[in-house]
Amino acid sequence: MIGMFAVSKAGHDKGKMYVIIGQENDILYLADGKTRGLEKPKKKKKKHLQIVSSELDPVIVGKLTQKQTIYNEEIKRAIKIRTNKEVTDVKG
């Protein structure tokens, strides 16, 4: 699930998109690059998230698997591209 996009279904952040950057049992660690950076990811139970699709961001997944440094700007860019793609798909 690491590298997938997820949208919060519950809580004060309902409707917000994140990238899954870690996993422990039924707890997922999320980052959005703005309010929740990689240095302090959000912990959320799997049942409170909607996985957007099986689509992964190749840059982020590659860096996570190779244990390379990921920057918050890369997370923000991945979410922005994904959000813009959804809007284009709906219009087109």
Side-chain angles (χ1 to χ4, degrees):
M1 294 188 91
I2 294 175
M4 297 176 87
F5 296 97
V7 176
S8 175
K9 294 192 305 186
H12 70 279
D13 62 341
K14 184 177 181 178
K16 189 165 186 164
M17 185 175 286
Y18 295 98
V19 174
I20 301 170
I21 59 167
Q23 181 176 1
E24 281 182 11
N25 299 326
D26 66 335
I27 301 290
L28 298 175
Y29 293 92
L30 311 167
D32 68 357
K34 295 177 188 173
T35 58
R36 285 296 179 162
L38 294 163
E39 53 285 337
K40 190 175 179 190
K42 180 164 189 66
K43 281 175 43 176
K44 204 154 180 95
K45 289 187 178 183
K46 213 184 270 190
K47 67 181 182 179
H48 295 145
L49 293 169
Q50 173 68 46
I51 305 301
V52 175
S53 70
S54 59
E55 184 178 322
L56 304 171
D57 184 84
V59 173
I60 294 171
V61 172
K63 286 189 170 190
L64 284 170
T65 56
Q66 296 175 8
K67 307 240 187 246
Q68 294 179 342
T69 304
I70 301 173
Y71 298 101
N72 288 323
E73 290 77 25
E74 293 172 313
I75 299 284
K76 284 193 283 190
R77 188 177 322 118
I79 291 172
K80 185 175 182 179
I81 290 170
R82 174 71 182 152
T83 306
N84 289 341
K85 183 179 177 185
E86 286 179 359
V87 170
T88 306
D89 289 345
V90 171
K91 288 182 179 178

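Positions are given from 1, in the same order as the sequence printed here.
Residues passing the side chain to side chain donor-acceptor pair (under 3.5 Å) test with Thr69, sequence neighbours excluded: none. For Gln66, the side chain to side chain donor-acceptor pair (under 3.5 Å) partners are Gln68, not counting sequence neighbours.
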Does the pair Leu38 and Asn72 meet the rule for a side chain to side chain contact (heavy atoms under 4.5 Å, CB included), with working shown?
CA-CA 6 Å; Leu38 294 163; Asn72 288 323; 3.5 Å; yes

Before giving the answer on side chain to side chain contact (heavy atoms under 4.5 Å, CB included), spell out for Ile20 and Tyr29 the whole-Å C-alpha distance, their side-chain angles and the decisive distance to 0.1 Å.
CA-CA 6 Å; Ile20 301 170; Tyr29 293 92; over 6 Å; no

Step by step, work out the side chain to side chain contact (heavy atoms under 4.5 Å, CB included) result for Thr35 and Lys16.
CA-CA 11 Å; Thr35 58; Lys16 189 165 186 164; 3.0 Å; yes

Using distance only, find each side-chain donor-acceptor pair of residues 41-50 under 3.5 Å and give its atom names and separation, not counting sequence neighbours.
| from | atom 1 | to | atom 2 | distance (Å) |
| --- | --- | --- | --- | --- |
| Lys44 | NZ | Ser8 | OG | 3.3 |
| Lys44 | NZ | Ala10 | O | 2.8 |
| Lys44 | NZ | Asp13 | OD1 | 3.1 |

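Distance check, rounded to the nearest 0.5 Å: CD1 of Ile60 to CD1 of Ile21 gives 9.5 Å.
Residue Arg36 comes nearest to Leu30 through the heavy atom pair CB-O, 4.3 Å, listed as atom of the first residue, atom of the second, then distance. Considering all non-hydrogen atoms of both residues, Asp32 and Ile75 come closest at C-CG2, 3.5 Å.
Hydrophobic cluster membership differs between Val59 and Tyr71, with clusters built from Ile, Leu, Val, Met, Phe, Trp and Tyr side chains linked at under 4.5 angstrom.
Surrounding CG of Asn25 are at most 12 heavy atoms belonging to other residues, nucleotides or ligands under 6.0 Å away.
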